[in-house]
Visitor: 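Please see the structure below; I have some questions.
Everything numeric here is computed off the predicted structure, so don't read it as measured data. Note: hydrogens, waters and symmetry copies are ignored here, and every other heavy atom, side chains too, is used.
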Amino acid sequence: MSQVANREWSLAAAWTLSLVASLTVVFIGEVLGQSPCTLCWFQRAFMFPLVIILGLGLWWGDPGIGRYGMVLALGGCAVALWHLGLYLEIVPEDIEPCSASGPSCTGEGQDLFGVPLPLLSLLAFALVATLLAASLKGKGG
């Protein structure tokens, strides 16, 4: 596979993953009726724009769009990692932003088929970041 095709495939895969992740959290919230916690909202704020930015980059044929998506993916990774730390009780509970108002960041409903939502989010952001890094490989950008 040529380097250009590899870049396009990586961008398309990152866009597809961000779209699936976005549609999944909308499904969890709107169909399953689970309200997102504060940290879930922050993660959504990083994931939702990825769909638009990467989609436009694919539409316009801009192979450098991965640079901008990378910033969002790494920001989402950071929030998801903090959320996972709270979920696993590694991060002290007194700095949990969710306990004062809204659903708990660590309570019931923070898993899907037994897998913690923060872990799924972290994996999605990390995979998007990896795909975006692959889309930039050899480009110098």
Visitor: Going from CD1 on I65 to CG on L11, what distance comes out if it is rounded to the nearest 0.5 angstrom?
Guide: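 It is 8.5 Å, given to the nearest 0.5 Å.
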Visitor: Starting from the C-alpha separation in whole Å, work towards a yes-or-no answer on side-chain contact (heavy atoms from CB on, under 4.5 Å) for L39 and V79.
Guide: CA-CA 7 Å; L39 289 176; V79 176; 4.0 Å; yes
Visitor: Of all heavy-atom pairs between A133 and M70, which one has the smallest distance, and what is that distance?
Guide: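 A133 and M70 have their closest heavy atoms at N-CE, 3.4 Å.
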Visitor: With the 4.5 Å side-chain cut-off for hydrophobic clustering, are V115 and F27 part of the same group?
Guide: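 In one cluster: yes.
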Visitor: Which atom pairs, one a donor and one an acceptor, fall under 3.5 Å between side chains of residues 119-130 and the rest of the protein, sequence neighbours left out?
Guide:
from : atom 1 : to   : atom 2 : distance (Å)
S121 : OG     : Q43  : OE1    : 2.5
T130 : OG1    : A126 : O      : 2.8

Visitor: Measuring from atom CD1 of I90 to atom CG of L84, what distance do you get when rounded to the nearest 0.5 angstrom?
Guide: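 Here the rounded value is 6.5 Å.
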Visitor: Following the transitive rule for hydrophobic clusters with a side-chain heavy-atom cut-off under 4.5 Å over Ile, Leu, Val, Met, Phe, Trp and Tyr, establish whether V20 and L54 coincide in one cluster.
Guide: no
Visitor: Please round to the nearest 0.5 Å and tell me the distance separating atom NE2 of H83 and atom SG of C37.
Guide: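 H83 atom NE2 to C37 atom SG measures 4.0 Å (nearest 0.5 Å).
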Visitor: Minimum heavy-atom separation for G75 and F46, please, with both atom names.
Guide: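 Smallest heavy-atom distance, with atoms named: CA-CE2, 3.7 Å.
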Visitor: V51: what forms a side-chain contact (heavy atoms from CB on, under 4.5 Å) with it, not counting sequence neighbours?
Guide: W15, S18, L19, S22
Visitor: Can you confirm whether Y68 is buried at OH, in the sense that more than 12 heavy atoms of other residues, nucleotides or ligands lie under 6.0 Å from that atom?
Guide: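 Incorrect, the count does not exceed 12.
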Visitor: Linking I/L/V/M/F/W/Y whenever their side-chain heavy atoms sit closer than 4.5 Å, directly or via other members, would L117 and V31 fall into one cluster?
Guide: yes
Visitor: Transitively linked via ILVMFWY side-chain contacts under 4.5 Å: L132 with W9?
Guide: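 Result: yes, single cluster for both.
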Visitor: Which heavy atom in G69 sits nearest to a heavy atom in L50, and how many Å separate them?
Guide: O-CD2, 3.4 Å
Visitor: Tell me, with the steps shown, if S135 and E8 meet side-chain contact (heavy atoms from CB on, under 4.5 Å).
Guide: CA-CA 7 Å; S135 79; E8 288 175 2; over 6 Å; no
Visitor: For the pair R44 (side chain) and V25 (backbone), establish whether a donor and an acceptor sit closer than 3.5 Å, ignoring hydrogens and angles.
Guide: yes
Visitor: Are V26 and L32 linked, directly or through intermediate hydrophobic residues, by side-chain heavy-atom contacts shorter than 4.5 Å (ILVMFWY only)?
Guide: no
Visitor: Here's a test for you: under side-chain contact (heavy atoms from CB on, under 4.5 Å), which of L58, L72, D62 qualifies with I53?
Guide: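 Option passing the side-chain contact (heavy atoms from CB on, under 4.5 Å) with I53: L72.
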